[in-house]
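Below is one structure, written out as C-alpha cells; comments come after it.
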Amino acid sequence: MASIRVKDDGSAPIVAKGREPPFKQGEYYVFEVTDDEAKYWNKLPPGRKDEIWRQSRKEARDVRLLVEAFVYKPRHVK
C-alpha cells in the first residue's frame, strides 16, 4: 500500500464506507491507496490535485474514489 497527500483546507475529509479514515500529518491529510493510484497522483501537477480535491468536496465523494476512476477507467468506451 502507498499513500497520497492532500492539503488540508480547513474542512474534514469525506470518507467512503468501508475505507480507512485519513490521518493528519502536518498540513496534509494522508490517504492509504494502491500503488497504481499513488503513481498516478504523484505524476499530477499541483493544480490538478487541487481540482480533484475540490471536486470530491463538491460531489461529497471520497477523493480515493475519484482517483480510482481515473486509474482504472476502461480503455475503450463506445
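Predicted model, so just to flag it, every value in this text is computed and none were measured. Note that these values count all heavy atoms, side chains included, but never hydrogens, waters or copies made by symmetry.
No side-chain N or O of T34 forms a donor-acceptor pair with one of D36 less than 3.5 Å apart.
The environment of K43 atom NZ is sparse: at most 12 non-hydrogen atoms of other residues, nucleotides or ligands sit within 6.0 angstrom.
Minimum heavy-atom separation, A2 to D35: CB-OD1, 3.5 Å.
If you chain together ILVMFWY residues whose side-chain heavy atoms come under 4.5 Å of each other, V30 ends up grouped with F23. Alongside F31, the hydrophobic cluster contains I4, V6, Y29, V33, Y40, W41, L44, I52, W53, V63, L66, V67, F70, V71, Y72 (criterion: ILVMFWY side chains under 4.5 Å).
Ion pairing between a basic and an acidic side chain is recognised when a charged N comes within 4.0 Å of a carboxylate O; K24 and D8 show such pairing. Between D9 and R54, no side-chain nitrogen of the basic residue sits less than 4.0 Å from a carboxylate oxygen of the acidic one, so the salt-bridge criterion is not met. Between E68 and R19 there is a salt bridge, since at least one side-chain N of the basic residue sits less than 4.0 Å from a carboxylate O of the acidic one.
The closest side-chain heavy-atom distance from E59 to I14 is not below 4.5 Å. With contacts defined as side-chain heavy-atom distances shorter than 4.5 Å, the pair E32/P22 does not qualify. In this structure, E20 and V15 have side chains that are not in contact, with every pair of non-hydrogen atoms separated by 4.5 Å or more.
Here CG of N42 is found 10.0 Å from CZ of R5. Values are rounded to the nearest 0.5 Å. Taken to the nearest 0.5 Å, the CD atom of E37 stands 9.0 Å off from the CG atom of L65.
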